[in-house]
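To start, the structure itself, in structure tokens.
The analysis underlying the following values was restricted to heavy atoms, covering all of them including side chains, and did not include hydrogens, waters or symmetry mates. Reminder, nothing fancy here: chain letters follow the sequence lines and each chain counts from 1.
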Amino acid sequence: MQTKKNILMEYNFSEIEEKWRRYWRENQIYHVKEDETKDKFYVLDMFPYPSGAGLHVGHPLGYIASDIYARFKRLKGYNVLHPMGYDSFGLPTEQYAIQTGIHPEVATKDNTERYRKQLDQIGFSYDWSREVQTSDPYYYKWTQWIFKQLFNSYYCRKEDKAKPILDLISFFEKKGNINSQAVCDEETSLFTESDWKSFNEKEKEDILQKYRLAFLSETWVNWCEGLGTVLANDEIKDGLSERGGFPVEQKLMKQWSLRITAYADRLISGLETLDWSDSIKEIQKNWIGRSNGVSVRFNLQNSDKTIDVFTTRPDTIFGVNFIVLAPEHELIDVITTEDQKQNVVEYVNNTKLKSERERQADKSISGVFTGAYAIHPFTKEKVQIWIGEYVLATYGTGAVMAVPCGDQRDWDFATHFGLDIINIFENIDVSEKANQEKDVVIVNSGFLNGLKAKKAINLAIHKIEEEGIGRAKTNYRLRDAIFSRQRYWGEPFPVYYKGDTAYVLDDDKQVTLPQVDKYLPTSKGDPPLARARKEDWNVFQGDRMETNVMPGWAGSSWYFLRYMDPKNDAEFCAKEKSDYWGQVDLYIGGSEHAVGHLLYSRFWTKFLFDRGFIGFDEPFKKMINQGMILGRSNFVYRIKDTNTFVSADMRAGYKTTRLHVDINFVDNDILDINAFKKWREEYANAEFILNNEGEYLCGSEIEKMSKSKYNVQTPEKLVEKFGADTLRLYEMFLGPLEQFKPWDTKGINGVHNFLRKFWRLIHDSDNNFVVSEKKPTKQSYKTLHKTIKKVEEEIERYSFNTVVSSFMICVNELSEQKCNSREIISSFTILLSSYAPHIAEEIWQKLGNDTSVTIAEFPSFNESYLVEDDVNYPVSFNGKVRFKMTLPAEMTKNQIEQEVMKHEKTAHYLDGKSAKKIIVVPKRIINIVI
RNA sequence: GCCCGGAUGGUGGAAUUGGUAGACACGUUGGACUUAAAAUCCAAUGGACAGUAAUGUCCGUGCGGGUUCAAGUCCCGCUCCGGGUACCA
């Protein structure tokens, strides 16, 4: 037991930390304003979704790192924007509302308050006056506003940017759409200016929908019955919804979409300007999936219809002897012959029954012949038309020209159905597998004979275009983003309908979420908002209001802009504010948002830039993805069909079931049996087979932290036991920020001891603060300046863990030197303040300062303190270090060589032989080659 | 399959451009203080071998080669682990 006196005499972190948190709050220390006299720096965290579970120790990892960086930049004289908010629309809150009837707004308020409390405890330097919440009507008013701008814009290919839709309308009025360079749906029909003038309002709007960047369209969507909503591609993993893991199927529905595909090229090229990890850039590139090729038209036999196929290998076109259509292809009904009709209908219906997941999982080859033939554009031979599941309706044209000798999938298909394989490669055997190598000479291919792929591709494209049977085309894997969700807890659309035609509200009007009786779809299957009566809507125009809501990523696509001007009631963000703060200079968050949030916010930023609302077209200049902190789970082993648990080291020979056990009952893998028995009723009478030490040993594994695994470590407990400064230091000390690492509290004492050691350095045995006014020794200056250099360099390269070591080394050395000089301690306190702000403020005050250490000046590094008179050289023989010798630093290479050869040990290691060569690297090493 | 990471003591990790591998911590062991414990302080701590000892020798950064006076670091070929992605024509 510690005595009361002991506690008072030591570093009393809980009192200190509370005191300074109050001080920061009351004096608005972290409040920040635009200041033209200073350089700006914008440090941002990915804002959290405030879930009911609260924060665990993994969440603050990135926040601590960004906070350290923000504090460091402030000390270096920058005007730092470092805000925080909540991504507060989302499914879990809504599911909770469905179960409990509690309005999501109420649950959100509770959750954000808990988050705030937890965040405050860690001592972050956020300017909370700039807080945003995506579910706040004052915020989503502007999310709706951006939607309106998207609705009222189109993408101009010529200028390669978004422009007002009014420009397009006046173009149509003058010239129709025949020479229009605007991005639009593939199947948009052509019209002249007089056609346009003859269209009525609905017809005009239907056409404009094919051009608007936010538009309604009847498309195949990913319908998730379990969630009762459609999902975007990035919300699906392995054919299941990312949230909840429910099956997803294809359904034809009228939905809002955003024309992100118009930005595909710029989203790829923009990556070059970003300081992001290669892996995230790579993921985005793959997701966009640009491939250059050509679309080729095949005429049909006995029909005036044609089939377009997309290929990246037109050089292999002479290897084509059949075509394969996706089961959803629109021509199937038209071309199938009578005698094949039954087979085809059966096959198509079967594949439709399968879910997306089943179709992905099933790699077996299936298909059916339509009975129809196309004509090869060059050889004029008959080409069979098949239907196959391996062809995707949503990619390219939904049809492929099959080249069995050159594509493994086509080869597999041909082999399975006994179709011919034409070989067009010189000296290549295609009887076992297809040849996908490009460095091969092409034969049997008319005008392409004797060429290799690179030249043949260009020639083939040229010829295809010349003959008018196709044109070069770039295809993208990226689809337009489905922007409607059939849910309640999201942004309502600022949209109303007259008949089937959608209109956006005037700029001065916004829709707020109406009250509904239940958060469930209606009996007709309409979204929850359809439950609202006319009088429940704050705005009601036309025949009906839009009842879909926006997806979770709407609000998070622009939140970093709102932080710059959070209270602005007239604009989403004043231009002069966004001009001042500019891009986010450092963005820290998880890599799980690689294709969702990070792609959409780049898209919105580019759009807002195009329309002149902001002055930059990439949101996040530098990004770091922090690694996940994993939990350590513990297990007990229940013998099958009994209520007896066997110790992990005794379980051989038993059939057992492994069960997660709450880590709070386990210390050093030893189970507290009494606590375990009390945990659940069913365990009250459990029996235990103990090991030879009479203990119950648990098994363990490193896993993701989750409630269901009972391995969650919360920051509260650690803050209570060790203080926030210790927690901050420890999370950084664990290892490199980007790395995945298991959470283990074993080492936390080490960092805590470091703070206590620092405290003791400047307090006497009665806990009185004592610093010396004497001039520090040369050695102490060296210690300090070594630390200044290291701290500055390491923080600049985001190596947060090694800085903690430098702090420790510094305090260790100062303790050894018994140095408590005011000058040294003052500088060190500033260095420490970005990591451990509470204790730094306390010491700073004790040193006699009456302003916060957060506005101190980072100590400047002076090289001259590190200059050594002597160098301790390692002397190696054939690369092996044998002894060391200290020599004056200013000695020349020749002098060093002479000194080394004179050394008594040199003769011993030369062992009678002569030195072939002596390598001297000044201030580093001496190597003697024998 | 393809694309990105990674592999260093009992543990987390350090070594920025090739130049003293294992900083800093944790853990372990021994010692001091104490009636005792906690806390604190001191010392040792990659492995093997030799020696009473000071010390010395050899081996050591996943494995096998190579470049170099010198390789954890660079090059070639593998193994294992983690992440992403997939009938994308």
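- Contact annotation: A/N801 reaches the phosphate of B/rA14 (side-chain N/O to OP1 or OP2, under 4.0 Å).
- For the pair A/Y395 and B/rA89, the criterion of a side-chain N or O lying under 4.0 Å from OP1 or OP2 is met.
- B/rG9 and B/rA48: their C1' atoms are spaced 14 Å apart (whole Å).
- Between A/R728 and A/E731 there is no salt bridge, since none of the side-chain N atoms of the basic residue sits less than 4.0 Å from a carboxylate O of the acidic one.
- Only the C1' atoms considered, B/rC87 is 44 Å distant from B/rA71, to the nearest whole Å.
- Straight-line distance from the CZ atom of A/R924 to the P atom of B/rU17: 11 Å, rounded to whole Å.
- The distance from atom CD1 of A/I795 to atom CZ of A/F72, rounded to the nearest 0.5 Å, is 5.0 Å.
- When the nucleotides B/rA89, B/rG19, B/rC69 are ranked by their closest atom to the side chain of A/I925, B/rG19 comes out on top.
- Using the Watson-Crick or G-U wobble rule with both distances under 3.5 Å, B/rU79 pairs with B/rA7.
- For B/rU85, the OP1/OP2 oxygens have no side-chain nitrogen or oxygen of A/R477 closer than 4.0 Å.
- Considering all non-hydrogen atoms of both residues, A/L478 and A/T261 come closest at O-CG2, 3.4 Å.
- Between B/rA23 and B/rG13, the distance separating the two C1' atoms is 10 Å to the nearest Å.
- One finds a side-chain N or O of A/R882 lying less than 4.0 angstrom from the OP1 or OP2 phosphate oxygen of B/rU57.
- Ring pair A/Y730/A/H752: centre-to-centre distance not below 6.0 Å.
- Aromatic pair A/F758/A/F754: ring centres not closer than 6.0 Å.
- The separation of B/rC76 from B/rG5, taken at their P atoms, amounts to 14 Å, rounded to a whole angstrom.
- The residue among A/Q739 and A/I919 whose nearest nucleotide of RNA chain B lies closer to the 5′ end is A/Q739.
- Nucleic acid contact class of A/E794 (heavy atoms, under 4.0 Å, all strands): base.
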For side-chain hydrogen bond (donor to acceptor under 3.5 Å, both in side chains), just list the numbers for A/D410 and A/Y390, CA-CA rounded to whole Å, side-chain angles, deciding distance to a tenth of an Å, and then say yes or no.
CA-CA 9 Å; A/D410 298 340; A/Y390 80 96; 2.7 Å; yes
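- Base orientation for B/rG83: anti, the chi torsion being more than 90° from 0.
- Distance check on atom P: B/rC75 versus B/rC81 gives 24 Å, rounded to whole Å.
- Separating the P atom of B/rG12 from that of B/rU20 is a span of 24 Å, rounded to the nearest Å.
- Between the NE2 atom of A/H752 and the C1' atom of B/rA39 there is a distance of 11 Å, rounded to whole Å.
- Note on A/N753: a side-chain N or O is less than 4.0 Å away from OP1 or OP2 of B/rU40.
- Nucleic acid contact for A/E793: base, since at least one base atom lies under 4.0 Å from a heavy atom of the residue.
- Rounded to an integer number of Å, the gap from A/N812 CG to B/rA43 C1' is 15 Å.
- Nucleotide B/rU73 is matched to nothing when pairs are restricted to Watson-Crick or G-U wobble geometry with both distances under 3.5 angstrom.
- The pairing partner recorded for B/rG22 is none, the criterion being a Watson-Crick or G-U wobble arrangement whose two distances lie under 3.5 angstrom.
- With a 3.5 Å ceiling on both atom-pair distances, B/rC88 lacks any Watson-Crick or G-U wobble partner.
- B/rG12 atom P lies 18 Å from atom CD1 of A/I748, rounded to whole Å.
- Phosphate contact (OP1/OP2 of B/rU68, side-chain N/O of A/K917, threshold under 4.0 Å): absent.
- To the nearest whole angstrom, the two C1' atoms, one in B/rG47 and one in B/rA70, are 24 Å apart.
- The distance between atom CZ of A/F754 and atom P of B/rC26, rounded to the nearest whole Å, is 13 Å.
- Between the P atom of B/rC24 and the CD atom of A/E813 lies a distance of 9 Å, rounded to the nearest Å.
- At the phosphate of B/rU57, OP1 or OP2 sits under 4.0 Å from a side-chain N or O atom of A/Y909.
- Straight-line distance between the P atoms of B/rC69 and B/rU16: roughly 23 Å, to the nearest whole Å.
- Pair check for B/rA50 finds B/rU55; Watson-Crick or G-U wobble, both atom distances under 3.5 Å.
- In A/K782, the NZ atom is not crowded: 12 or fewer heavy atoms of neighbouring residues, nucleotides or ligands sit closer than 6.0 Å.
- Between A/Q408 and the phosphate of B/rA89, there is no side-chain N or O to OP1/OP2 separation shorter than 4.0 Å.
- Base pairing of B/rA38 is not made with any nucleotide, judged by Watson-Crick or G-U wobble geometry with both donor-acceptor distances under 3.5 Å.
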